[in-house]
Number of protein chains: 2
Amino acid sequence: MTVGRKQRRERLLAAAQKAVAEHGADVRLKDVAQVAGLTSGAILYHFPDIQTLLVEANRAGMERFYDQRLKAISGSITPDRKLVVTIASGLPRDSEDEAVRLLCELGGAAGRYPRYAAMLTSLYDRQVAMYQVLLEDGAASGVFTLAQPSQTVARNIVALEDAYGYRMVARHSTIDHAAATQLILDYARLATGHLLDQPDPVGLDHTVPDAGVPA
Amino acid sequence: MTVGRKQRRERLLAAAQKAVAEHGADVRLKDVAQVAGLTSGAILYHFPDIQTLLVEANRAGMERFYDQRLKAISGSITPDRKLVVTIASGLPRDSEDEAVRLLCELGGAAGRYPRYAAMLTSLYDRQVAMYQVLLEDGAASGVFTLAQPSQTVARNIVALEDAYGYRMVARHSTIDHAAATQLILDYARLATGHLLDQPDPVGLDHTVPDAGVPA
DNA sequence: GGCGAATTTGAAGAGCCCTTCAGTGAATGT
DNA sequence: ACATTCACTGAAGGGCTCTTCAAATTCGCC
């Protein structure tokens, strides 16, 4: 057995996600096949038709995004650290971020695909709930002083993340990951009454540690 | 009688906008023709190909959206009224709002169509500038006490409008025009230090002014 | 009423897309 | 070694799309 039946399916789901991020929600079967390195027929051997594959792939893509956010939270300790890290994790790395591009494409198509609309609504609500827990937790421990109900703050934070995701995917010249993070933190500062100063190295360390012989 | 050459073109642009809002950025020529009540050939008599038509139509749709926002501003007098009215005018009426659906579709496709990305970036920046003027004006006249730079507040307000537009188009069950307006105003209140109480007749008065705002 | 220009139609060509399916290998089990 | 199952290919069918174009229709105007 090369890879097992289940893993093969997941490779196709991953290929479909990439294809949607690249070609839109109405991506062609041929494009998915090309990303997967197969022919159209091979894909239809694993899935009854292309819609079934896409719906499953898109759902999986959203769940993966949400799961990674939850994982990002669990790292930090204090509520303020958690908030900063979580906000940063909700934004695309750069304009090529595959997961966010997928979400943008689906968000655009949600108006005409009720299924995607429902999935995105659920995703939004869960993210809001996630932030609400974080905010209430911080308020209970006295770290945050909420100026507004936690639901209001949570809804606005997630909304800001979404919107700056779109702006970054559209390659806004001055709104990059750092700028967007600061803009959202500016709101969070007002809403929580906490300074929320950025920790130095959050793990995104692109600089080479310069160990070894320079050629 | 017909309508003159120019008006005929504009009818086609309007049809194309509606078609994009309904079928996405990759709408078919046939769909545009159907909305216009013509055949595909007739449309190609006025435009060299479908891409040219779509690019022009989408640009016109964005400009129209922006112009109507400017118009909405000019009505009110005081900065706080202006702010409330402008925020309300940036959100879709309901989930079927054609202009916002168009913007959502284009926003989703912006990742793979640099032209649309540039147009949307420009639209965003102009809306930010519009709010900046409004905020600075209010601050200068002492009505607002800005807690943050006007650019920060303006960027966040426009971002919130965008995001709630997407949520409404996706038919979120609890975020309608009124709820979204309040959420954005909640941020604006923190940022401007003004109460920003909603004026009664905003123009769209379908419901009894019963629940919601306490005395 | 009739003429020329503007507009629209309907058909046809070339091309792409999804899906089905017979057939090709490779892997697996016996 | 042989049969069987699995994974995949490549071709073919049927349908849809964009575009072109000759013919038909409508319009503005004299």
Side-chain angles (χ1 to χ4, degrees), chain A residues 1-61 102 105-106 108-109 112-113 115-116, chain B residues 1-61 102 105-106 108-109 112-113 115-116:
Chain A
M1 63 176 75
T2 44
V3 276
R5 197 168 161 284
K6 193 171 184 179
Q7 292 181 17
R8 187 143 296 196
R9 264 179 75 93
E10 281 183 26
R11 276 207 314 172
L12 292 191
L13 292 182
Q17 287 159 19
K18 194 173 200 171
V20 169
E22 273 176 22
H23 301 278
D26 298 319
V27 65
R28 312 292 158 87
L29 174 57
K30 153 192 84 115
D31 295 316
V32 177
Q34 185 169 355
V35 172
L38 294 173
T39 61
S40 299
I43 303 221
L44 261 14
Y45 172 79
H46 296 276
F47 292 86
D49 54 38
I50 213 229
Q51 271 86 7
T52 304
L53 165 59
L54 289 179
V55 168
E56 216 164 309
N58 290 328
R59 184 191 331 266
L102 178 75
E105 289 286 357
L106 297 179
R112 72 198 131 94
Y113 292 129
R115 273 188 123 142
Y116 295 153
Chain B
M1 54 133 133
T2 66
V3 274
R5 197 169 160 284
K6 194 171 184 181
Q7 292 182 19
R8 187 145 291 197
R9 264 177 76 93
E10 281 184 25
R11 276 207 314 174
L12 292 192
L13 292 181
Q17 288 159 17
K18 194 173 201 172
V20 169
E22 274 176 21
H23 301 278
D26 298 319
V27 67
R28 314 291 158 84
L29 173 56
K30 154 192 84 117
D31 295 316
V32 177
Q34 186 169 352
V35 172
L38 293 173
T39 61
S40 299
I43 302 219
L44 261 15
Y45 172 78
H46 295 276
F47 293 85
D49 54 39
I50 212 223
Q51 272 86 5
T52 305
L53 165 58
L54 288 179
V55 168
E56 216 164 308
N58 290 329
R59 184 190 330 265
L102 178 75
E105 289 286 357
L106 297 179
R112 71 199 131 95
Y113 292 128
R115 271 189 125 142
Y116 296 154

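The analysis underlying the following values was restricted to heavy atoms, covering all of them including side chains, and did not include hydrogens, waters or symmetry mates.
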- Between D:dT17 atom C1' and B:D26 atom CG, what is the distance in whole Å? 13 Å
- State the CG-CD1 distance between B:D49 and B:I43, to the nearest 0.5 angstrom. 12.5 Å
- Message: In whole Å, I'd like the distance from the CD atom of A:Q34 to the P atom of D:dG10.
- Response: 14 Å
- Let me know the distance between OH of B:Y45 and C1' of D:dA24, rounded to the nearest Å. 14 Å
- Task: Verify the contact: side-chain N or O of A:T39 to OP1 or OP2 of D:dC8, cut-off strictly under 4.0 Å; return yes or no.
- Result: no
- Query: Side chains of B:F47 and B:L13: closer than 4.5 Å at any heavy-atom pair?
  - Reply: yes
- Task: Of all the heavy-atom pairs spanning A:T52 and A:P48, show the shortest one and how long it is.
- Result: OG1-CG, 3.8 Å
- Message: Using whole Å, what does the distance between atom C1' of nucleotide D:dT19 and atom CD1 of B:I43 come to?
- Response: 13 Å
- Sugar-phosphate or base contact per nucleotide [nucleotides 16-23 of chain C; S, B, -; heavy atom under 4.0 Å]: -SSBB---
- Taking the side chain as every heavy atom from C-beta outward, state whether B:Y45 and B:L12 have any pair of such atoms under 4.5 Å apart. no
Side-chain polar contacts of residues 16-37 of chain B - donor-acceptor pairs under 3.5 angstrom, sequence neighbours left out - could you list them?
unit_1: B:Q17; atom_1: NE2; unit_2: B:A57; atom_2: O; d: 3.0
unit_1: B:D26; atom_1: OD1; unit_2: B:Y113; atom_2: OH; d: 2.5
unit_1: B:D26; atom_1: OD2; unit_2: B:R112; atom_2: NH1; d: 2.9

- Item | Any A:H46 side-chain N or O less than 4.0 Å from OP1/OP2 of D:dC8 | yes
- Message: D:dC6, OP1 or OP2 - any side-chain N/O from A:R8 closer than 4.0 Å?
- Response: no
- Item | Integer-rounded Å distance: D:dA7 P and A:F47 CZ | 12 Å
- For B:Q7 and C:dT7, give me the distance from atom CD to atom P, rounded to whole Å. 12 Å
- Per atom distances to the B:L38 side chain, the nearest of D:dT9, C:dT9, C:dA6 is C:dT9
- Item | Value rounded to 0.5 Å, distance of NZ in A:K6 from CZ in A:R11 | 16.0 Å
